[in-house]
Amino acid sequence: MPVVTRFAPSPTGSLHLGNVRTALFSYLWARKSGGRFILRIEDTDVERSRRHFRDELLAELAWLNLEWDEGPEVGGPSAPYAQSERGLLYSTLFARLEAQGEAYPCYCTAEELQLSRKLQRMAGSPPRYAGTCRELGAAARREREAHGARPTLRFAVPAGRQVEFVDLVHGAQRLQTDDIGDFIVRREDGSAAFFFCNAVDDALMGVTHVLRGDDHLTNTPRQLLVLDALGLRRPAYGHVGLLVGADGAPLSKRHGSTSVQEFRDRGFLSAGLLNHLFRLGHAGDVDGWLEPAAMPAHFRPEHLGKAPARFDEAQLVHWQREALARMSPAAIGAWLNIADDARFVELIRHNVILPQDAAPWLAVLRGDLAPLGDEERRVVAAAGPAFFAAAVAAIDQVGADLRRLAKLIGERMGRKGAELYMPLRVALTGRTHGPELAPLLELIGPQLARRRLEVHAQDP
RNA sequence: GCUCCCUUCGUCUAGAGGCCUAGGACACGGCCCUCUCAAGGCUGUAACACGAGUUCGAAUCUCGUAGGGAGCGCCA
């Protein structure tokens, strides 16, 4: 059965890792079943919504290849896909709720409500709307409006009932309506509030499966109540465990990078990030690398996790390596921004995880060597000036050919293996590790190589 | 405070009463290969939060405890 899923971000900030993960799961589920994936922009909060966040969001999703079948830019049967443009739709629904007596205008001010909540908290009871405006008569309402009061619209939560639903990941849930206060569905400025428009749009757009963070689990009954009151079809909800930092606390700035953009800017590859996200709070049926195109087939919605998953950059790095290993030299060149030098790319590709790792090797080819560290100095000292004098003589004879060079030096100095190669590596590159030496030497060239060897040929 | 949710190696996870001497992946250690690093091959260390109960038998079921998290907003 085709599954219709959606991703419904609000353009009030950068796309968070936790959000893309649910976007990915939603996308995969739709693709797996041959269904549809919808993108909806939840921009009802005009204060905080920004156009550039929206654009960035779309760009990151595109970068990750999470293509939406309906939504901004591509349109679809349920357009418009930005909530800021769906006001008309909402107002007919508000009217219906009001006519049915399932919603009522509330004239309490934000300050009054805040005070009331504070008082309730102090008294040790849950902070819930007291119901002040629920029983207001028509005359009282007229009077308040005459004084210029602009009401919000509250949903009248029925007393003494239970709301039941089966969560896709947590199983059967049952909540008491008495634990829920009357909540706002329309703000003072006339805009729709989250509990309302989020639920209503899912139903209206034909969404069958909603995947979202655990933090919404206890809010779900509210949305179900709204849907039921309006006679709209309930989607199935699945609440996945949250994505948290290494310390188990909600992912935040102090954990380092948390937005997709940051990882992208640092040079992480989308395929690697996707492979990592695929396994956070989810178990597919393979351990190894998955091409993004193969992911839908291996996605297992019944293996979505309840427990919070910790984001560990070490694992991301692993998938980055895997992604790199599968890239063409041309693609790596472009990624490193040195597309013109194919031999160099091929040489250093296994010593690079992020583009910045290429810089030292570029310097080895073109610039000056960094000062030697302790270990490097020991290697040079152990070889001795005579070794390097022999190396200089050898390079004058055979040029930048490591095999012939090593043979000459080896014969003259009676050395082989690490004793022979390591001093050469250190003198030539300034480090004890790095890519294969022979091609590196070729790229360095005889002149530069000679100068670097000569430095160590003198007595210290 | 009230309500709800969660808990298997350091991390991501497999596990739906006997297949578990708890499996895999990442990370970490060792060995092989090798001038080094990376890759690759082999290999090692490492977990059922705790306590009761049900059962012939429990990581799996029930209850409790502890710890963590979320919600209770004119944010989403």
Side-chain angles (χ1 to χ4, degrees), chain A residues 8-10 12-13 19 42-45 47-49 83 106 108-110 113-114 117 120-129 150-154 167 169-170 173-176 178-181 183-189 191 193-195 197-198 212-222 239 241-242 244 246 248-250 276 278-288 302-303 305-319 321 324-325 348-353 379 402 406 416-426 429 431-438:
Chain A
S10 60
T12 55
N19 290 134
E42 306 223 325
D43 52 357
T44 55
D45 184 352
E47 293 283 302
R48 299 200 302 149
S49 293
Q83 290 185 327
C106 170
C108 300
T109 66
L113 294 169
Q114 207 176 350
R117 273 194 295 273
Q120 292 180 72
R121 241 180 242 279
M122 271 164 29
S125 53
R128 276 201 275 278
Y129 181 62
R150 302 193 52 200
T152 61
L153 190 68
R154 272 185 197 275
D167 188 271
V169 348
H170 291 274
Q173 302 290 312
R174 194 208 316 265
L175 281 303
Q176 310 297 324
D178 290 344
D179 290 328
I180 307 171
F183 53 93
I184 289 175
V185 290
R186 188 186 62 211
R187 304 190 187 96
E188 189 180 325
D189 66 3
S191 64
F194 171 80
F195 289 136
C197 54
N198 176 266
R212 38 152 54 158
D214 240 354
D215 48 341
H216 289 294
L217 186 60
T218 50
N219 288 151
T220 306
R222 268 168 254 266
H239 293 92
L242 291 175
V244 299
H276 184 40
F278 182 78
R279 294 164 172 88
L280 275 177
H282 167 250
D285 54 8
V286 282
D287 272 326
E302 68 280 13
H303 279 267
K306 309 185 228 237
R310 294 178 194 227
F311 177 78
D312 179 3
E313 200 166 297
Q315 304 211 21
L316 210 212
V317 166
H318 170 254
W319 297 114
R321 272 206 189 91
L324 242 20
I348 65 159
R349 61 180 294 171
H350 298 299
N351 289 275
V352 167
I353 289 170
V379 170
L402 186 69
K416 56 179 183 167
E419 282 201 310
L420 171 61
Y421 285 92
M422 206 27 105
L424 291 175
R425 170 177 289 282
V426 170
T429 71
R431 306 167 147 213
T432 52
H433 345 283
E436 239 190 302
L437 195 52

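In what follows, chains carry the letters A, B, and so on, assigned in the order in which the sequence lines appear, proteins first and then strands, with residues in each chain numbered from 1.
The separation of A52(B) from U13(B), taken at their C1' atoms, amounts to 29 Å, rounded to a whole angstrom. Between G64(B) and C4(B), the distance separating the two P atoms is 11 Å to the nearest Å. G17(B) and C32(B) are spaced 44 Å apart, taking the C1' atom of each and rounding to whole Å. Nucleotides C20(B) and A76(B), compared at atom C1', are 44 Å apart to the nearest Å. As rounded to the nearest Å, C48(B) and U54(B) have P atoms that lie 24 Å from one another. Taking the P atom of each, C75(B) and A16(B) are spaced 47 Å apart, rounded to whole Å.
Within a 6.0 Å sphere centred on CD of Gln114(A), other residues, nucleotides and ligands contribute 12 heavy atoms or fewer. Enclosure of atom CD in Glu302(A) by more than 12 non-hydrogen atoms of other residues, nucleotides or ligands within 6.0 angstrom is indicated.
Contacts of His239(A) with the nucleic acid, taken as non-hydrogen atoms under 4.0 Å apart, are absent. Backbone-only contact: Leu175(A) has heavy atoms under 4.0 Å from sugar-phosphate atoms and none from a base. Glu188(A) comes within contact range of at least one nucleobase, with a heavy-atom separation under 4.0 Å. Using a 4.0 Å heavy-atom criterion, one finds that Pro250(A) contacts the sugar-phosphate atoms exclusively. Among the heavy atoms of the strands lying under 4.0 Å from Thr152(A) is at least one base atom, whether or not backbone atoms are also near. Cys108(A) comes within 4.0 angstrom of a base, heavy atoms only. Within 4.0 Å of Ser191(A), counting heavy atoms only, lies no atom of the nucleic acid at all.
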Please list, pair by pair, any protein nitrogen or oxygen found under 3.5 Å from a nitrogen or oxygen in nucleotides 71-73 of chain B.
| residue | atom | partner | partner atom | Å |
| --- | --- | --- | --- | --- |
| G71(B) | O4' | Thr218(A) | OG1 | 3.1 |
| G71(B) | O3' | Asn219(A) | ND2 | 3.4 |
| G71(B) | O2' | Thr218(A) | OG1 | 3.4 |
| G71(B) | O2' | Asn219(A) | ND2 | 3.0 |
| C72(B) | O2' | Pro127(A) | O | 2.8 |
| G73(B) | OP1 | Pro127(A) | O | 2.9 |

N/O-N/O pairs, protein side and nucleotides 33-38 of chain B side, under 3.5 Å:
| residue | atom | partner | partner atom | Å |
| --- | --- | --- | --- | --- |
| C35(B) | O2 | Arg425(A) | NE | 3.0 |
| C35(B) | N3 | Arg425(A) | NH2 | 3.0 |
| C35(B) | N4 | Leu437(A) | N | 2.9 |
| U36(B) | O2' | Thr432(A) | O | 3.0 |
| U36(B) | O2' | His433(A) | ND1 | 2.8 |
| U36(B) | O2 | Gly434(A) | N | 2.7 |
| U36(B) | O2 | Gly434(A) | O | 2.7 |
| U36(B) | N3 | Arg425(A) | NH2 | 2.9 |
| U36(B) | N3 | Gly434(A) | O | 2.8 |
| C37(B) | O2 | Asn351(A) | OD1 | 2.7 |
| C37(B) | O2 | Asn351(A) | ND2 | 3.4 |
| C37(B) | O2 | Gly434(A) | O | 3.4 |
| A38(B) | O2' | His350(A) | O | 3.2 |

Between the protein and nucleotides 7-9 of chain B, are there any N/O to N/O pairs under 3.5 Å, and if so, what are the atom names and distances?
none

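The nearest whole Å value for the distance from the CZ atom in Arg279(A) to the P atom in A14(B) is 13 Å. Rounded to a whole Å, the CG atom of Leu217(A) is 13 Å from the P atom of A70(B). Between the CD atom of Gln176(A) and the P atom of C4(B) there is a distance of 8 Å, rounded to whole Å. The interatomic distance linking His303(A) (NE2) with A14(B) (P) rounds to 6 Å, in whole Å. For the pair Leu113(A) CG and C74(B) P, the interatomic distance rounds to 6 Å; values are reported in whole Å. Look at CZ on Phe311(A): it is 20 Å from P on G69(B), rounded to the nearest Å. Distance, His282(A) NE2 to U11(B) P: 21 Å, rounded to whole Å.
Side-chain polar atoms of Arg187(A) and Ser191(A) form a donor-acceptor pair below 3.5 angstrom. Side-chain N/O atoms of His170(A) and Asp214(A) include a donor and acceptor closer than 3.5 Å.
For Glu42(A) (side chain) and Phe194(A) (main-chain N/O), no donor-acceptor pair under 3.5 Å exists by modelled atom type.
A 3.5 Å limit on both hydrogen-bonding distances identifies C56(B) as the Watson-Crick or G-U partner of G18(B).
Between Trp319(A) and Leu242(A), it is Trp319(A) whose nearest contact on RNA chain B lies nearer the 5' terminus.
Using the six-membered ring where Trp is involved, Phe183(A) and Phe195(A) have ring planes that are perpendicular, over 60° apart on the 30 and 60° scheme.
Distances from the side chain of His318(A) to the nucleotides C74(B), C4(B), A27(B) place A27(B) closest.
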